[in-house]
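Since this is a predicted model, take the numbers as computed values, not measurements. We count residues from 1, following the sequence as given. Both counts, for ligands and for their atoms, begin at 1 and track the order of listing.
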Amino acid sequence: MTPTTSPHSPAVTLETLRANIAAIERRIAAACARAGRPTDAVRLLPVTKTVDEATLRLAYAAGVRQMGENKAQEAYGKWQAMRDLADLRWCVIGHLQTNKAKLVAQCAAEFHALDSLRVAEALERRLQAQGRSLDVLVQVNTSGEASKFGLPPQDVLPFMRQLPAFSALRVRGLMTLALNAPDPARVRQCFVLLRQLRTQLQQDLAWGAQLHELSMGMSGDFEWAIEEGATIVRIGQAIFGARPAPAAATPPAQAGDRPSPG
Ligand SMILES: *Cc1c(COP(=O)(O)O)cnc(C)c1O
């Protein structure tokens, strides 16, 4: 989704966070019911990019045990700052450059945006060095927009065939960002495409049964995603409030809550 230009308001209270999370959980449950799916078929991944540490600690107090960050550096910094919260899982959900693979290999429990062999190789090397493994999802560009990362749908099967060579990567499924458009039918089509792709991979790959996850749906479109089969929804603004506009626009109101560029 396009970040809004609303002012950043990090000073949400614990009560507000609890209420926002409860409201999202009710909407998830309702969407599951409409789709004839059990409520526990969908995992809520709160997206915490640009949200300051104090607010994240409140979210932890409200019961949040996993946080999604789109930038490796920001994920790493927050992981370091909050290592006292030992059961908090960090999920990196945005495009990764190979020179940041080390950070992800250190701090992340999940990576949702694998889309090249170069990144797979870089992660594998760093993970092996650390004796760790990582749950990964392959990002697919289901909208066809040039601005979006991810593999074109037709490239996903040949890409997947290469992945068993990377023993530290546990490939769990697919991720996408839908078209940001007013027409619900076109948004849904992105989710349908990801689900169909997973079904095809499950049939075509000997190890396809482990491709369970569909990470799709954000604040503006998660109910449609659930109706189309999402197993993970990535929700930021509906929990933490509107984000500041990106760097080119006005600087954030609060110092220290944004990563340095790159
Ligand atoms: C920011 C982000 C989200 C969450 O978007 P909201 O509109 O805040 O819910 C989901 N996925 C990715 C990859 C993101 O970068």
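- Close approach of ligand 1 to Ile235 is summarised as follows: ligand atoms under 4.0 Å from at least one heavy atom of the residue are 9 (O).
- At a heavy-atom cutoff of 4.0 Å, ligand 1 is contacted by both the backbone and the side chain of Ile93.
- Against a heavy-atom cut-off of under 4.0 Å, Lys49 is close to the following atoms of ligand 1: 1 (C), 2 (C), 3 (C), 14 (C), 15 (O).
- At a threshold of 4.0 Å, the pair Arg172-Glu213 does not count as salt-bridged, since none of the basic side-chain nitrogens sits closer than that to a carboxylate oxygen.
- Ion pairing between Arg118 and Glu121 fails under the 4.0 Å rule for side-chain N and carboxylate O.
- Looking at Lys78 and Asp52, no side-chain N of the basic residue comes within less than 4.0 Å of a carboxylate O on the acidic one, giving no salt bridge.
- Near Gly236, with a cut-off below 4.0 Å to any heavy atom, the atoms of ligand 1 are 4 (C), 6 (P), 8 (O), 9 (O).
- Under a cutoff of 6.0 Å and an axis angle of 45°, Arg65 and Tyr60 form a cation-pi pair.
- Sorted by first and then second residue, the side-chain hydrogen bond (donor to acceptor under 3.5 Å, both in side chains) pairs involving residues 16-26 (not counting sequence neighbours) are Thr13-Thr16.
- Any N or O atom pair closer than 3.5 Å counts here, and Leu177 shares no such pair with ligand 1.
- In summary, the atoms of ligand 1 found under 4.0 Å from a heavy atom of Arg243, numbered by their order in the structure, are 1 (C), 5 (O), 6 (P), 7 (O), 8 (O).
- Scanning Glu69, Arg234, Met216 for the heavy atom closest to atom 11 (N) of ligand 1 points to Arg234.
- For His112, the closest heavy-atom approach to ligand 1 does not fall below 4.0 Å.
- Counting heavy atoms of neighbouring residues, nucleotides and ligands inside a 6.0 Å radius, atom CZ of Arg43 exceeds 12 of them.
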